[in-house]
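Every number for a ligand or one of its atoms is a count from 1 in the order of the listing.
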Amino acid sequence: MEIHPITPDLIPAAAALWHEAGLTRPWNDPIRDAEGALAGPTSTVLGLVEAGTLRATAMAGHDGHRGWIYYVAVREADRGRGLGRAIIEAAEGWLAAEGALKVQLMVRNTNTAVIDFYERLGYEDAEVTVLGKWLSVSPTV
Ligand SMILES: CC(C)(COP(=O)(O)OP(=O)(O)OC[C@H]1O[C@@H](n2cnc3c(N)ncnc32)[C@H](O)[C@@H]1OP(=O)(O)O)[C@@H](O)C(=O)NCCC(=O)NCCS
């Protein structure tokens, strides 16, 4: 099992995994998200590859102090084998090596089932409300 930043040829497989895991939304283009994360020096998309198959992913990015993790997904057939823990620990390691002091992530209100998974990994409710606003009028962004 290897965990590395994915190469661009694996972006479609990552997007397919995110779709299977229920993480995509019509207003987000996962290909664009992955390309953007791979393009800059402060973000990446990590992929766990085993026997030539992409089995888990996590996107990570930081502002120098806080790191964020997104697009955490394990192939449905591979869940319960510790791959989720492995990809999160790899993302934490990538962020720590970049100098980030803290890691945060957002969980959709409709995905409360995953909270227990993060608590097993040492995460706790940060008791903040996340506010958002679109900066583009494009419905595809
Ligand atoms: C959440 C997800 C990444 C977990 O992946 P996984 O490979 O099955 O997790 P692991 O096998 O590494 O489990 C790690 C620990 O969390 C626990 N755990 C995993 N899923 C859990 C769940 N749904 N509820 C409670 N505990 C859970 C495991 O028992 C394990 O505990 P232990 O290491 O102390 O024994 C996977 O279910 C997934 O891809 N879900 C769909 C996408 C998603 O919701 N992503 C998160 C977006 S915020």
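Grouping the Ile, Leu, Val, Met, Phe, Trp and Tyr side chains by contacts below 4.5 angstrom, directly or via other members, places Leu48 apart from Trp18.
You'll find the side chain of Gln104 stays beyond 4.5 Å of the side chain of His62, heavy atoms only. In this structure, the side chains of Asn28 and Asp33 come closer than 4.5 Å at one or more pairs of heavy atoms.
Ligand 1 is surrounded by Ala21, Leu23, Val72, Ala73, Val74, Arg79, Gly80, Arg81, Gly82, Leu83, Gly84, Arg85, Met106, Asn111, Ala113, Val114, Asp116, Phe117, Tyr118, Arg120, each with at least one heavy atom closer than 4.0 Å.
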Give every donor-acceptor pair under 3.5 Å between a side-chain atom in residues 110-128 and any protein atom, sequence neighbours left out.
| from | atom 1 | to | atom 2 | distance (Å) |
| --- | --- | --- | --- | --- |
| Tyr123 | OH | Glu92 | OE2 | 2.6 |
| Asp125 | OD1 | Glu127 | N | 2.8 |

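Thr24 and His19 are linked by a side-chain donor-acceptor pair at a separation below 3.5 angstrom, with hydrogens and angles left out of the test.
Under a 4.0 Å N-O distance rule, the pair Asp78/Arg75 qualifies as a salt bridge.
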